[in-house]
Amino acid sequence: MTEGGALVSTTEPEATVELSIPARPEYVGVARLAILGVASRMRFSYDEVEDIRLAVGEACTGVLDRGEGLPDAPPIVIRCLVHPDRLSVEVRDTTPGSTADAGATGDDFQLGGVLIRILMDEVTSEEDPGSGQHVVRMVKYVAR
Amino acid sequence: MNLRVETTTPRDGVAVVSLSGEVDVYTSPRVKQEIVDLLNRGITRIIVDTTKVEYLDSTGLGVLIGGLKRARERDGDLRLICDNPRILRIFEITGLTKIFDIHANEAEALDAVK
């Protein structure tokens, strides 16, 4: 993942939508449906909404890959911050001490990481200093 | 489950695997199993029809790449049928159009199979 400096918003979002899903493959589709709903309410084109949907699905799949084989994996938390000019999405792996670097695991997720970077305008993948949890943050700007 | 997998064998040693719906981390193991089963039965020329695929993610791409590798190890091949611009774009941005032979329809794909 690239390191971006512009991801920390200096303005409050006009809406926040948060979803917690079980860290199981069958629930990734639920996260995709939710993000489709949020992005569709904004001034994104059809293709941009599809890009966001795929990127969020890939980020959730990456969490599953990192936690593969762990019993009772904790939920994946998806947080959507709606701003007038952009949608910011955080996908948080709540596994304690989940510090694995995104893209450093299986081949599929390396491909997933490539897709996320191409589809979104800004992407960071980092350990949250407060919780020690792994967070992928991605931003898509509304075309001006 | 949001994926339907249907396989026909129009010629000896040739199979067309038609996918309808979403190919993702949940459903892609079924596609992998279908391809592996075909190869184990000696059917090594596989055409995967993605015309009715509404969603394809990296796990689906990984299964197709793995299928192509396994087929080639058996002197076979794995080709794709795709006319959906959205799905084609995923192959393009990941550079996979250089790896896969992608055809517009089944007749064209069957013509290309040796």
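The basis for the numbers below is simple: all heavy atoms, side chains too, and nothing from hydrogens, waters or symmetry mates. Below, read A as the first sequence line, B as the second, and so on, with proteins coming before strands; counting in each chain starts at 1.
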Within one Ile-Leu-Val-Met-Phe-Trp-Tyr cluster: B/Ile47 and B/Val17, side-chain cutoff 4.5 Å: no
B/Asp12, CG atom: more than 12 neighbouring heavy atoms under 6.0 Å: no
Contacting region of B/Ile65 [heavy-atom separation from chain A under 4.5 Å]: side chain
Single-linkage hydrophobic cluster B/Ile81~B/Ile35, side-chain heavy atoms < 4.5 angstrom: no
Option in A/Leu115, A/Asp47, A/Asp51 with maximal non-hydrogen atom pairs under 4.5 Å from chain B: A/Asp51
Within one Ile-Leu-Val-Met-Phe-Trp-Tyr cluster: B/Leu96 and B/Val31, side-chain cutoff 4.5 Å: yes
Partner of A/Glu58 by side-chain contact (heavy atoms from CB on, under 4.5 Å), out of B/Asp57, B/Val25, B/Asp24: B/Asp57
A/Ile118 vs B/Thr94, side-chain contact (heavy atoms from CB on, under 4.5 Å): CA-CA, chis, key distance, verdict: CA-CA 9 Å; A/Ile118 293 170; B/Thr94 51; 5.6 Å; no
Side-chain heavy-atom pair B/Glu22, A/Val28 within 4.5 angstrom cut-off: no
Same apolar cluster: B/Leu39 and B/Leu78, side chain cutoff 4.5 Å: yes
Residue pair A/Gly112 / B/Ser58: nearest heavy atoms and the distance that separates them: N-CB, 3.6 Å
Crowding at CZ, B/Arg74 (>12 non-hydrogen neighbours, <6.0 Å): yes
Euclidean distance, B/Ile87 CD1 relative to A/Glu50 CD, rounded to 0.5 Å: 8.5 Å
Within 45° cone of B/Tyr55 ring axis and under 6.0 Å: A/Arg32 NZ or CZ: yes
same_hphob_cluster(B/Ile43, B/Val14) at 4.5 Å side-chain heavy-atom cutoff: no
Interchain contact, A/Leu54 with chain B, by part (heavy-atom threshold 4.5 Å): both
